[in-house]
Amino acid sequence: MTPRLMLARLRAALARRDTDPLRRFRRRYPNLRGTVFIITYGRSGSTLLQGLLNTAPGSHIGGETFDTLGVLFDATARATRAHRRWGDEPRAVDHPWFNAQNIDEIGLEQDLALAYAARVICPPTDATWIGTKEIRYPQRAETLPALVAMVLRSFPNPVIVFNSRDAGAVAQSRWWASQPEAEVRDLIARMDGIFAAIAKDHPERCFHLRHEDTIADPETLRPVFDAMGAEFDVAAIARVLSNRLTH
């Protein structure tokens with residue numbers, strides 16, 4: 001084995017043992033300060049919010065990814081289940097759960113978080129804040145607190161922004177309009193309640209915004225920018241608000 005290969009393997013081993021998300025991410029993104037995730041449901045005004053948060057200098061907050069982050073959560077949850085159920089002791093090679101004791105769900109979670117940044121968010125290497133927004137969370141209502149906990153553990157300096165909107169406005173927009181309004185209102189009320197509960201549990205990291213408030217008074221965004229330690233550019237925010245979205 002060559003010295004270069006030995007050094008590469010040593011660095012890889014050290015990286016796997018590094019439990020500090022920011023330190024791990026900064027090996028690839030040296031200017032990184034943290035991550036931002038917009039969690040919401042469809043037609044909540046999340047694309048506008050995405051644009052507003054991208055006014056922070058150096059930010060790269062992407063759009064939807066068909067629930068890719070949720071699928072990564074599923075993978076780590078399954079690995080954790082296998083390890084906890086069958087990894088209490090070594091199993092024989094002919095046992096159906098052979099090697100379960102060696103499952104490293106924490107390492108998997110850490111590796112997937114960095115892979116999500118590198119292969120899904122795909123930010124420039126000099127980015128300061130990176131992240132995505134996703135609307136496909138109603139299907140994950142039961143496990144959303146656990147998914148948020150994963151984000152808080154595995155991503156550097158995470159800032160999570162829950163976005164809500166008046167249920168009546170949501171029910172009348174695009175594809176929601178084809179659904180029974182009472183069902184839409186019930187779903188929105190349930191999701192808003194979950195958002196509020198999680199934000200209450202993690203007040204320094206999680207923020208619950210309302211689309212109507214953001215439109216009426218952009219200053220309601222300032223606590224998010226303060227949490228990011230990012231400039232609150234009033235002129236840039238006004239420009240984003242003045243652009244009419246067509247989707």
- Note on the structure: Besides L22, the hydrophobic cluster formed by Ile, Leu, Val, Met, Phe, Trp and Tyr side chains linked at under 4.5 Å, directly or via other members, contains none
- Minimal heavy-atom distance between F162 and A199, with the atoms involved, is CE1-N, 4.1 Å
- Taking 4.0 angstrom as the limit, do R190 and E142 come out as a salt bridge? yes
- CA sep, side-chain torsions, deciding dist, call: E134, T68, side chain to side chain contact (heavy atoms under 4.5 Å, CB included): CA-CA 9 Å; E134 185 58 73; T68 304; over 6 Å; no
- Any link between I38 and L221 through a network of hydrophobic side chains (Ile, Leu, Val, Met, Phe, Trp, Tyr) touching at under 4.5 Å? yes
- Quick one: does H60's side chain have a donor or acceptor within less than 3.5 Å of a partner on I121's backbone? yes
- Message: Closer than 3.5 angstrom, by distance alone: can the side chain of D217 be matched with the main-chain N or O of D213 as a donor-acceptor pair?
- Response: no
- Could you state the interatomic distance from CG (L241) to CG (L48), rounded to the nearest 0.5 Å? 5.5 Å
- Scanning both residues in full, the closest heavy-atom pair of P156 with L32 reads CG-CD2, 3.8 Å
- Give a yes or no on whether V170 and W175 share a hydrophobic cluster (residues Ile, Leu, Val, Met, Phe, Trp, Tyr; joining criterion: side-chain heavy atoms under 4.5 Å apart). yes
- Message: Go through it in stages, so that I can follow the logic: the residues are T80 and E109, the test is side chain to side chain contact (heavy atoms under 4.5 Å, CB included), and I'd like the CA-CA distance, side-chain angles, deciding distance and then a yes or no.
- Response: CA-CA 10 Å; T80 300; E109 190 173 90; over 6 Å; no
- Query: Just by modelled atom types, is the F195 backbone N or O under 3.5 Å from a matching donor or acceptor in the H208 side chain?
  - Reply: no
- Message: As an exercise, state the distance from OG1 of T125 to CG of N31, rounded to the nearest 0.5 Å.
- Response: 8.0 Å
- Distance-minimising heavy-atom pair for L108 and A79: CD2-CB, 3.8 Å
- Just wondering, do L187 and E183 contact through their side chains at under 4.5 Å, heavy atoms? no
- Query: Looking only at atom types and distance, does a side-chain atom of R165 sit under 3.5 Å from a main-chain N or O of G45, one as donor and one as acceptor?
  - Reply: no
- Query: Any donor-acceptor pair under 3.5 Å linking the side chain of E212 with the backbone of D166?
  - Reply: yes
- Message: Using only atom types and a distance under 3.5 Å, with no angle test, would you say the side chain of T76 pairs donor to acceptor with the backbone of F73?
- Response: yes
- Task: Salt-bridge test for D20 and R26: reply yes if a basic N is under 4.0 Å from a carboxylate O, no otherwise.
- Result: no
- Query: In the single-linkage hydrophobic clustering (I, L, V, M, F, W, Y; side-chain heavy atoms under 4.5 Å), do W129 and I39 co-cluster?
  - Reply: no
- Grab the two heavy atoms, one from S173 and one from R43, that are nearest each other, plus how far apart they are. OG-CB, 3.1 Å
- Task: Flag the pair T128 / Y29 as yes when at least one side-chain heavy-atom distance between them is below 4.5 Å, and no otherwise.
- Result: no
Would you mind writing out the side-chain donor-acceptor pairs for residues 89-102 within the sub-3.5 Å range, not counting sequence neighbours?
| unit_1 | atom_1 | unit_2 | atom_2 | d |
| --- | --- | --- | --- | --- |
| R91 | NE | W86 | O | 3.3 |
| R91 | NH2 | D88 | OD1 | 2.6 |
| H95 | ND1 | W97 | N | 2.9 |
| N99 | OD1 | N102 | ND2 | 2.6 |

- Would you say the side-chain atoms of W176 pair up with the backbone N or O of V184, donor to acceptor, closer than 3.5 Å? no
- Message: I'd like to know if the side chain of N163 reaches the main chain of S44, judged simply by a donor and an acceptor atom lying under 3.5 Å from each other, with no hydrogens or angles considered.
- Response: yes
- Task: Any chance you could measure Q50, atom CD, to K133, atom NZ, to the nearest 0.5 Å?
- Result: 5.5 Å
- Worked check of side chain to side chain contact (heavy atoms under 4.5 Å, CB included) between R140 and D67: CA-CA 10 Å; R140 294 188 171 276; D67 192 33; 2.7 Å; yes
- Message: Please tell me whether I194 and F207 are part of a single hydrophobic cluster in this structure, the criterion being side-chain heavy atoms less than 4.5 Å apart.
- Response: no
- Whether over 12 other heavy atoms sit under 6.0 Å from R81 CZ: no
- Please indicate whether I106 has more than 12 foreign heavy atoms, meaning atoms of other residues, nucleotides or ligands, lying under 6.0 Å from its CD1. no
- Is any side-chain heavy atom of F232 closer than 4.5 Å to a side-chain heavy atom of E219? yes
- Determine, using the 4.5 Å side-chain heavy-atom cutoff (strictly less than), whether M150 and I130 are members of one ILVMFWY cluster. yes
- Residue that, paired with I160, satisfies side chain to side chain contact (heavy atoms under 4.5 Å, CB included) out of V148, T35, V224: V148
- Between R205 (side chain) and L152 (backbone), is there a donor-acceptor pair under 3.5 Å? no
- Note, V161 side chain near F37 side chain (heavy atom, < 4.5 Å): no
- Query: So Y116 and F155, would you call those rings parallel, tilted or perpendicular, with 30° and 60° as cut-offs?
  - Reply: perpendicular
- Item | Taking every non-hydrogen atom, the tightest pair across G42 and I135 | N-CB, 3.6 Å
- Got a second to check how far L112's CG is from L72's CG, nearest 0.5 Å? 5.0 Å
- Enter the distance from S46:OG to L209:CG here, rounded to the nearest 0.5 Å. 12.0 Å
- Query: From D192 CG over to R210 CZ, what is the distance, rounded to the nearest 0.5 angstrom?
  - Reply: 5.5 Å
- Report yes or no: does Q179 contribute a side-chain atom to a donor-acceptor pair with the main-chain N or O of A171 at less than 3.5 Å? no
- Beyond-backbone contact of T40 with Y137, side-chain heavy atoms, under 4.5 angstrom: no
- Item | Which atom of M228 lies closest to which atom of A56, heavy atoms considered | CE-CB, 3.9 Å
